[in-house]
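Data block below; observations after.
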Amino acid sequence: MTLQPSLTLGAPPQIGPRSHDAFRRARQIFPDGTTRITIERDPIPRYISHGRGAYLFDTDGCKFLDLNANFTTLIHGHAFAPVIAALEQQLRDGTCFANPTEKEIELAALICGRVEAMERIRFCNTGTEAVMFAIKAARAFTGRPGIAKIEGSYHGAYDWVEVSQASTPANWGSAGEPNAIPNYKGMPTSVLSEVVPLRFNDPQGAVHQIRRYAWLLAAIIIDPMPSRAGLISPDPAFIAALQAVAREQNVLIISDEVLSFRQSFKGAAARYGLEPDLYALGKIIGGGLPIGAVAGRAAVMEMFDADGRKPAVPQGGTFSANPMSMSAGLIAMQHLDQPAFARLEQLGDRLRARLAQAIERWQIAFSITGTASLFRIHPKRRAPRDFRDAFWSASEAFVMKELTRFFAAAGIILPNAATACLSTPMGEAEIDLIAQVFEQFLSDRAQRLEWSPT
Ligand SMILES: Cc1ncc(COP(=O)(O)O)c(C=O)c1O
């Protein structure tokens with residue numbers, strides 16, 4: 001794909017008449033016009049007709065390289081042929097039953113076979129549920145109600161993890177003792193009193209707060225590379241400190257890998273030396289269908305074990321472990337073998353290096369974070385080290401909007417305030433395209449700033 005010479009900074013994206021018509025109808029029926037707060041709009045959402053591999057097509061026939069992949073879910077891209085075949089078979093065999101199927105055992109065995117600490121697993125339908133059930137199990141196991149979480153990190157829509165998900169400089173409080181900030185109007189203050197926010201990559205602060213509130217805490221929940229909080233690599237000293245203080249205070253560690261399980265064959269915790277008691281999973285393990293899973297040490301997972309009695313934590317759901325999600329997840333994960341991870345990692349390394357080289361050449365205030373198939377572009381000269389560092393000023397938000405628009409005009413969906421990802425149908429051509437478009441954005445911007453490359 002060649003770049004259009006007519007691309008101009010700040011041009012609003014071309015969104016065709018069918019999307020406009022759909023959004024007009026949607027506004028009459030959905031509050032705010034959509035059914036997910038996370039849908040990006042500039043100025044309206046782009047309606048999609050279909051996806052193929054790394055690309056998707058809007059209802060007006062425009063084609064885009066998809067770096068969102070439904071918020072990093074579609075690691076094999078759209079309409080992955082083996083998933084289609086598995087689902088066609090499962091459709092004919094039945095979509096859901098009130099009885100278990102053997103498919104759930106196969107997917108469970110595959111996942112637990114990769115990660116030693118996943119001795120037992122339970123399926124649910126979303127990452128939110130996985131996080132919720134992991135927290136409930138930790139509460140039942142420890143007899144304590146509270147959690148510690150990383151300021152700014154996203155773990156879905158369970159009240160306790162929503163605390164301080166969207167703190168701002170106006171309310172986040174001191175560096176050492178971040179405030180617990182409600183995420184919606186009417187959030188019970190009792191919830192706020194049961195959550196201890198920690199700053200990412202601040203070992204001293206975290207240890208201090210965990211020791212101080214150990215009496216309250218069932219678990220520390222952490223996404224080892226929290227995407228919303230900046231997709232920032234954890235310092236080994238931070239991980240080691242969390243691990244040590246959790247052990248010292250008998251507080252469990254929940255690794256939320258709903259998004260970051262795609263960081264390696266064994267997930268994210270293994271990559272950073274974290275030894276969780278529980279994991280929350282979702283996204284890629286469903287092969288593009290709704291899924292969640294809570295997994296972990298057998299002694300903690302026993303909280304879900306009824307053995308003829310009432311379990312400590314009842315866990316169920318009408319569609320939990322439905323055979324459609326199990327079939328799609330099983331085949332998708334079977335194709336996600338060690339060579340597939342190695343290839344994605346190489347592509348990601350190459351892309352991040354090329355983006356960083358372009359920044360170096362043009363000396364414009366951007367930086368790149370991420371690992372494996374994940375990356376984020378920050379409007380910051382120095383890569384951020386935590387959520388507060390990564391937080392955008394109004395002028396930085398403007399620059400990022402320009403960047404997203406520029407990419408859209410060049411036929412690439414780059415998430416604006418979320419993590420971008422690569423998928424297995426991508427290759428060198430896609431890496432070249434992303435790097436070229438970014439380089440051209442920097443070059444245009446440099447011209448506007450009357451800057452010349454070094
Ligand atoms: C780290 C993390 N945890 C939990 C969730 C919630 O998952 P779901 O949207 O499937 O409920 C997400 C979703 O993006 C996530 O990124």
Side-chain angles (χ1 to χ4, degrees), residues 34-40 67-75 122-136 138 147-166 183-184 195 197-198 200 219-234 253-264 267-269 271-272 274 276 278-296 315 317 319-322 324-325 328-329 332 369-376 387 390 415-421:
T34 66
T35 67
R36 293 190 274 177
I37 187 178
T38 41
I39 299 282
E40 288 191 3
L67 297 179
N68 184 313
N70 195 30
F71 302 100
T72 75
T73 299
L74 297 164
I75 199 159
R122 278 282 188 119
F123 290 110
C124 47
N125 298 297
T126 63
T128 291
E129 281 178 76
V131 163
M132 174 182 78
F133 285 124
I135 291 173
K136 288 185 178 187
I147 59 160
K149 66 157 288 190
I150 303 298
E151 185 178 59
S153 71
Y154 182 77
H155 301 283
Y158 187 44
D159 289 51
W160 285 262
V161 290
E162 282 189 279
V163 172
S164 294
Q165 175 191 299
N183 200 39
Y184 65 90
V195 179
L198 309 173
F200 195 64
I220 304 167
I221 184 162
I222 178 171
D223 173 345
M225 185 182 270
S227 67
R228 283 275 184 94
L231 198 72
I232 297 162
S233 296
I253 291 189
I254 301 171
S255 188
D256 178 357
E257 305 201 10
V258 169
L259 192 153
S260 57
F261 196 54
R262 60 150 65 213
Q263 285 196 26
S264 83
R271 194 172 180 125
Y272 303 108
L274 186 68
L278 289 167
Y279 295 78
L281 303 176
K283 298 199 195 268
I284 64 164
I285 64 161
L289 268 67
I291 202 163
V294 51
Q315 185 264 325
F319 292 102
S320 291
N322 74 79
M324 295 293 280
S325 296
T369 61
T371 200
S373 54
L374 300 169
F375 72 99
R376 269 189 86 155
F387 171 66
N416 177 250
T419 291
C421 65

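Ligands are counted one by one from 1 in listed order, and the atoms in each one are counted from 1 as well. Side-chain atoms are counted along with the backbone in the values below, which use heavy atoms only and exclude waters and symmetry mates.
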For atom 7 (O) of ligand 1, is some protein heavy-atom partner under 4.0 Å away? yes
Taking Glu257 for its side chain and Ala268 for its backbone only, find out whether a donor-acceptor pair lies under 3.5 Å. yes
Using residues 220-234 as the side-chain source, report each donor-acceptor pair under 3.5 Å to any protein atom, sequence neighbours left out, with the distance given to one decimal.
residue : atom : partner : partner atom : Å
Asp223  : OD1  : Met225  : N            : 3.0
Asp223  : OD1  : Ser260  : OG           : 3.0

Check each atom of ligand 1 against the heavy atoms of Asp223 and keep those under 4.0 Å away; list them by number with element. 1 (C)
Between Asp159 and Tyr184, a side-chain donor and acceptor under 3.5 Å: yes
Quick one: does Tyr154 get a heavy atom under 4.0 Å from ligand 1? yes
Of the protein's non-hydrogen atoms, which lies at the shortest distance from atom 9 (O) of ligand 1, and what is that distance? Thr128 OG1, 4.6 Å
Any chance you could lay out the side chain to side chain donor-acceptor pair (under 3.5 Å) test for Arg262 and Ser373, step after step, and finish with the verdict? CA-CA 7 Å; Arg262 60 150 65 213; Ser373 54; 2.7 Å; yes
Taking distance alone, with no angle check, do Gly156 and ligand 1 share an N/O pair under 3.5 Å? no
If we number the atoms of ligand 1 from 1 as shown, the ones under 4.0 Å from a heavy atom of Thr126 are 10 (O), 11 (O)
Expected output: side-chain Glu40 to main-chain Asn416 donor-acceptor under 3.5 Å: yes
Does an N or O from Asp256, backbone or side chain, lie closer than 3.5 Å to an N or O of ligand 1? yes
Can you find a non-hydrogen atom of Lys283 under 4.0 Å from ligand 1? yes
Min over Val258, Asn70, Leu259 of heavy-atom distance to atom 5 (C) of ligand 1 lands on Val258
Determine, step by step, whether Leu259 and Leu374 satisfy the side-chain contact (heavy atoms from CB on, under 4.5 Å) criterion, reporting the C-alpha distance in whole Å, the side-chain angles of both residues, the deciding distance to 0.1 Å, and the verdict. CA-CA 10 Å; Leu259 192 153; Leu374 300 169; 3.8 Å; yes
In terms of heavy-atom contacts, Gly156 and Thr128 come closest through CA-OG1, 3.4 Å
For ligand 1, which atoms, with element, lie under 4.0 Å from some heavy atom of Gly127? 6 (C), 7 (O), 8 (P), 10 (O), 11 (O)
